[in-house]
Number of protein chains: 2
Amino acid sequence: MQNLSNSNLSQPQRHFIDELAMLLLSWGMTITAARLYGYLQLQIGPVSLDEMAADLEVSKSNVCAAAKLLEAHGNARRLGERGSKRVLYVAGDDPGLPLRRQTDLLGMMSALIAARKDDVAEGAARARLTRLAAFHRDLKDAMEGAILPYKPKSGS
Amino acid sequence: MQNLSNSNLSQPQRHFIDELAMLLLSWGMTITAARLYGYLQLQIGPVSLDEMAADLEVSKSNVCAAAKLLEAHGNARRLGERGSKRVLYVAGDDPGLPLRRQTDLLGMMSALIAARKDDVAEGAARARLTRLAAFHRDLKDAMEGAILPYKPKSGS
DNA sequence: TGACAGATTCTGCATTTGCTGAATATACAA
DNA sequence: TTGTATATTCAGCAAATGCAGAATCTGTCA
């Protein structure tokens, strides 16, 4: 059976990308961004928009948007090729970067709840909010602790 | 200035609910579900669908759907009132319950990557996947460790 | 400068989503 | 069994989203 498309991916690779993408969808990613994420993880060197579009079999404009999204979230890095207008992408080197947004959110929620709880609740509800604020704070701390060791060596 | 609506919430409470909801939106919640989440946190006793709809100023069908959503995610608990068809909701007593879904996801991703990495990548990409699987696993463990202490006392 | 290679933005479309108000279903009480 | 209070589902609508392909913009090279 010939390869009908222009994709250079092996079938196991496609399966891997799609399965990983399915899991990532639960995190609110679009399907193209999720697939691109998995795709970039498999690549050894930087890849161009045309390669990504061909391999993932989606339009270039679509993959362009997805790449920008991943870049904004810290999941991909954009490289300029010297002496060319061509744009290349590689997987982000800090897997925890996208999660910092989440931990920030947890911190904000914890702070908000702690600051307002006495104004908006009393009795059992106030006790619950106190507990909730502590929970968010502890979770944030635990996540940050787990993320930290994976920060890439600072010599960028 | 009179209260033009049927809501029993104080203005600080409304503010709190809306601010918290804004933060929760980033986690993919719908606005009504997010507001209902905050609302339930403020309540001392169980509340009916009619109360929720009136206080949040949304339709009953909408709040019904949102309540089911929160219940499915473990953010709310549904109580039957003895001798009545009325349905009541309270905030979930385990703040970490909704996160177990996330940690499960992390575990699945870690397992998927670890199992397939040798089939789909080589060289630097394979090393990156190995690191990624470990990262997911460590993050999952850290989150579970932080969540565990908040599990409510087993005496239901 | 002109021509080209490439990224980006734009336009249009189909799908999905969240919401409301109406219709329907269901449990309880008499 | 019938009436009633309540939850749930349905139908329709408006807004947002994701996508493809076309059009446009922008460096780079001759």
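OP1 or OP2 of D/dA20 has at least one side-chain nitrogen or oxygen of A/Asn62 nearer than 4.0 Å. Contact between the side-chain N/O atoms of A/Arg86 and the OP1/OP2 oxygens of C/dC4 is not found at any separation under 4.0 Å. Residue B/Arg78 has a polar side-chain atom (N or O) positioned under 4.0 Å from OP1 or OP2 of D/dT8.
Note on A/Leu36 and A/Val90: separate hydrophobic clusters, where clusters join Ile, Leu, Val, Met, Phe, Trp and Tyr whose side-chain heavy atoms are under 4.5 Å apart, directly or indirectly.
In the region residues 20-33 of chain A, proximity to DNA chain C at under 4.0 angstrom, judged on heavy atoms, holds for none of the residues. Residues of residues 38-49 of chain B having a heavy atom closer than 4.0 Å to DNA chain D, listed by number: B/Leu49.
Separating the CG atom of B/Leu69 from the P atom of C/dC19 is a distance of 10 Å, rounded to the nearest angstrom. Here D/dT9 presents its P atom at 13 Å from NZ of B/Lys60, a figure rounded to the nearest Å.
Surrounding CD of B/Glu71 are more than 12 heavy atoms belonging to other residues, nucleotides or ligands, all under 6.0 Å away.
Between the side chain of B/Asp93 and the backbone N or O of B/Pro152 there is no donor-acceptor pair closer than 3.5 Å. A donor-acceptor pair under 3.5 Å links the side-chain atoms of B/Arg126 to the main chain of B/Asp118, judged by distance alone. Checked by atom type and distance alone, the side chain of B/Glu57 never pairs as donor or acceptor with a backbone atom of B/Ala54 at under 3.5 Å. When atom types are taken as modelled, the side chain of B/Arg78 and the backbone of B/Val87 share no donor-acceptor pair closer than 3.5 angstrom.
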Distances under 3.5 Å between protein N/O atoms and the N/O atoms of nucleotides 22-25 of chain C, please, pair by pair.
none

